[in-house]
Undergrad: 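Structure incoming, see below.
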Amino acid sequence: MTANPRFFSRSELVGLGVLALLLVVILPMSLDIFRLNLVAKYLTYSFVALGLVICWGYGGILSLGQGVFFGIGGYCMAMFLKLEASSVENTKIQSTPGIPDFMDWNQITQLPLFWQPFHSLTLSILAVFVVPAIFAFIIGAAMFKRRVGGVYFAIITQAIAAILTILIVGQQGYTGGINGITDLRTLHGWDIRTDSAKFILYFVEVACLFGCLLVALFVKHSKLGRILLAMRDKEDRVRFSGYSVANFKIFAFCLSAVFASIGGALFTLEVGFMSPSFVGIVPSIEMVIYAAVGGRMSIFGAVYGTMVVNYAKTSLSESFPELWQFAFGALFIAVVMLFPNGLAGAWNEYVQPLIDRTFSRNKRSTSVASEHPLANGAPAE
Amino acid sequence: MEIGQQPPDFLLAVDALTVSFDGFKAVNDLSFYVDENEIRVIIGPNGAGKTTVLDLICGKTKATSGSITFRGKELTKLSENAIVHAGVGRKFQTPSIYDDLTVFENLEISYPRGRSVFGALTFKRDAAVTERVEEVAEMIFLKDRLNMSAQLLSHGQKQWLEIGMLLIQDPELLMLDEPVAGMSVSERAKTAELLHRIIKNRSVLVIEHDMKFVEDIAHKVIVLHQGKILSEGSMEKVKNDPKVIEVYLGH
Ligand SMILES: Nc1ncnc2c1ncn2[C@@H]1O[C@H](COP(=O)(O)OP(=O)(O)OP(=O)(O)O)[C@@H](O)[C@H]1O
Ligand SMILES: [Mg+2]
């Protein structure tokens with residue numbers, strides 16, 4: 001206890017290992033490229049769920065507008081790919097060649113200024129990180145400095161998601177409107193529509209996911225992680241211990257925004273388009289459901305929750321096209337009622353003790369006293 | 001500071017402090033002064049405005065008028081965390097501790113280092129932190145409970161823990177709102193002993209209802225009634241004040 005909390009606990013190392021085995025070995029070996037691409041699509045949402053674990057689970061800040069940040073990342077990437085696909089050569093039949101087709105259809109004759117940076121891949125990737133962070137910072141500073149929180153914050157984030165959707169749909173000429181930005185082809189000349197590209201992109205995505213998981217684990221184990229928990233419980237006590245509560249909330253919100261944005265950018269690459277249907281209220285709420293089903297305090301739960309819910313959604317919608325939405329709702333209610341801490345809670349309560357018992361039976365003969373239960377007092381893991 | 005003006009002797013000076021909640025003056029033109037190394041107790045009937053006075057000093061509630069100076073600094077203009085950084089610590093009326101964390105972690109969060117976002121991310125639990133946490137834990141009788149989840153502590157222990165969370169900040173002014181409420185007789189005695197021990201380098205402002213405890217610790221007592229001072233002075237003097245007997249001690 002008196003030592004620094006270890007960088008990762010043993011169970012987290014095991015968690016990382018198991019997830020790596022699943023995502024890097026088992027799924028790519030057992031699924032065809034169509035199914036693997038489907039997994040890749042699901043995984044892009046798990047970035048959002050991971051952000052929600054930090055922001056909502058740890059920080060107690062429920063955002064019902066994470067689609068906004070998913071969309072920002074997705075559009076940043078889509079704008080780059082669209083510009084590359086709209087070379088003068090590809091678009092010579094347009095009245096203004098060299099601009100995206102939907103602009104031409106809307107009688108726009110010059111590329112708008114805010115599209116210009118997206119000629120550069122470096123700037124586009126930078127934008128995937130910086131734009132959501134700035135946007136979340138502005139929202140967070142405006143809300144948290146004024147002590148707006150809880151339900152009010154959730155409603156305001158919903159409103160922002162709704163407004164952004166309306167804006168994108170309304171400004172067809174600049175955004176592609178309701179159809180979004182489609183017909184994306186190459187990344188620096190590399191065709192992203194081929195099976196081999198999809199295969200490679202899947203692994204790029206898994207690498208990004210592990211990067212985000214490590215960041216989340218680092219935050220959880222830092223004093224900042226404990227301050228978030230403390231704030232969720234007794235905000236005033238933290239404030240009158242000399243911390244600026246608003247700044248910590250802003251940080252958690254910005255981090256969740258950047259995670260969501262990375263997910264969005266990868267979505268565009270994997271699926272090949274971006275549209276306002278991933279930005280609005282409904283997708284934003286679905287993303288909260290992923291985190292809730294996984295267990296809102298569980299970093300790994302975010303990934304499993306997202307995959308399970310999306311798998312269920314896909315299978316149900318394939319077999320019962322009319323019924324799946326009800327089934328989906330019922331599934332959500334059942335999980336939350338039975339396991340308020342989601343799949344991770346169920347795992348910790350039922351499966352982990354079983355594993356521990358099996359392990360300790362083997363171990364008892366060798367070492368008895370060296371066991372340190374709850375060595376780190378890690379909450380809810 | 002003007003030439004010839006006396007440097008302020010008082011650690012805390014409250015002058016003509018007033019706060020009005022929709023016209024209701026919970027604290028009304030209140031003035032009092034706290035010396036260095038003094039234990040000052042505020043007593044008074046329920047709703048007298050005692051907690052509100054602490055809220056005003058620590059910045060939780062904004063004053064309608066009046067001033068609060070702490071070591072010559074005007075507190076009414078500072079943010080809550082700036083007031084803490086200036087050296088004012090405050091315990092709440094109901095024990096406010098972090099249930100999800102261990103006793104160690106509760107104390108560690110209050111350790112005055114790494115209070116910015118970046119500082120908290122890079123905070124290292126080094127020997128200085130560990131030593132200080134253990135030292136404070138010893139003082140508040142929780143040395144053997146460091147790894148325990150704070151929610152498992154008894155009510156009295158939670159009160160001590162919160163006092164410890166303030167001690168670790170090493171504030172020059174410590175404000176305690178009913179620190180022995182809900183404690184057993186023996187816990188009260190230990191708390192009194194604790195307060196006597198921590199007074200050495202700081203002043204303490206205590207709100208308390210328990211008269212026995214007040215007599216035990218107070219250097220000076222303020223009796224508050226309807227947001228105003230009814231009587232002020234030594235416990236002996238206050239106890240025999242007919243006005244005090246009538247509104248507070250009589251029943
Ligand atoms: N934020 C607020 N808004 C409106 N009225 C308030 C507020 N805070 C306190 N009051 C009122 O001010 C009065 C003084 O309250 P305060 O909590 O200071 O009393 P107290 O002396 O601490 O009482 P107790 O002994 O019960 O703790 C009460 O009538 C209370 O209702
Ligand atoms: Mg009170």
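Residue numbers begin at 1 in each chain, while the letters A, B, ... track the order of the sequences.
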Undergrad: For B/Ser149, which atoms come within 4.5 Å of any heavy atom of chain A: side chain, backbone, both, or neither?
TA: neither

Undergrad: Pick one of side chain, backbone, both or neither for B/Ser116, based on which atoms fall under 4.5 Å of a heavy atom in chain A.
TA: backbone

Undergrad: Relative to chain A, which segment of B/Arg90 carries a heavy atom at a distance below 4.5 Å: side chain, backbone, both, or neither?
TA: backbone

Undergrad: Under a 4.5 Å heavy-atom cut-off, does chain A meet the side chain of B/Glu162, its backbone, both or neither?
TA: side chain

Undergrad: Taking every heavy-atom pair that is under 4.5 Å apart, which of A/Gly225, A/Ala230, A/Ser222 has the most such pairs with chain B?
TA: A/Ala230

Undergrad: Return the minimal non-hydrogen interatomic distance between A/Leu224 and B/Val117, and the atom names on each side.
TA: CD1-O, 3.6 Å

Undergrad: For B/Lys143, is the NZ atom crowded, meaning more than 12 foreign heavy atoms sit under 6.0 Å from it?
TA: yes

Undergrad: Quick check for you: among B/Ser110, B/Gly114, B/Gly89, B/Pro112, which has the greatest number of heavy-atom pairs under 4.5 Å with chain A?
TA: B/Gly114

Undergrad: What's the spacing between B/Glu80 CD and A/Ser244 OG if we round to 0.5 Å?
TA: 9.0 Å

Undergrad: For residues B/Tyr111 and A/Tyr243, report the shortest heavy-atom separation together with the two atoms involved.
TA: O-OH, 4.4 Å

Undergrad: As an exercise, state the distance from OH of B/Tyr98 to CD1 of A/Ile227, rounded to the nearest 0.5 Å.
TA: 8.5 Å

Undergrad: Rounded to the nearest 0.5 Å, what separation is found between the OG atom of A/Ser241 and the CG atom of B/Leu166?
TA: 7.0 Å

Undergrad: Please classify the contact of B/Met165 with chain A as side chain, backbone, both or neither, using a heavy-atom distance under 4.5 Å.
TA: side chain

Undergrad: Would you please name every residue forming a salt bridge (charged side-chain N to carboxylate O under 4.0 Å, His left out) with A/Arg146, sequence neighbours left out?
TA: none

Undergrad: At a heavy-atom distance under 4.5 Å, which candidate from B/Asn106, B/Ile97, B/Ile168, B/Thr122 has the highest pair count against chain A?
TA: B/Ile97

Undergrad: Less than 4.5 Å apart, side chain to side chain, heavy atoms only: is that true for B/Leu121 and A/Phe218?
TA: yes

Undergrad: Measuring from atom NZ of A/Lys223 to atom CD1 of B/Ile109, what distance do you get when rounded to the nearest 0.5 angstrom?
TA: 7.0 Å

Undergrad: To the closest 0.5 Å, what do you measure between CG (B/Asp100) and NZ (A/Lys234)?
TA: 8.5 Å

Undergrad: Step through the shown structure and confirm whether more than 12 heavy atoms of other residues, nucleotides or ligands are within 6.0 Å of CZ on B/Phe141.
TA: yes

Undergrad: Using non-hydrogen atoms only, which part of A/Phe248 is less than 4.5 Å away from chain B: side chain, backbone, both, or neither?
TA: both

Undergrad: Sort A/Val245 into side chain, backbone, both or neither according to what part of it lies under 4.5 angstrom from a heavy atom of chain B.
TA: neither

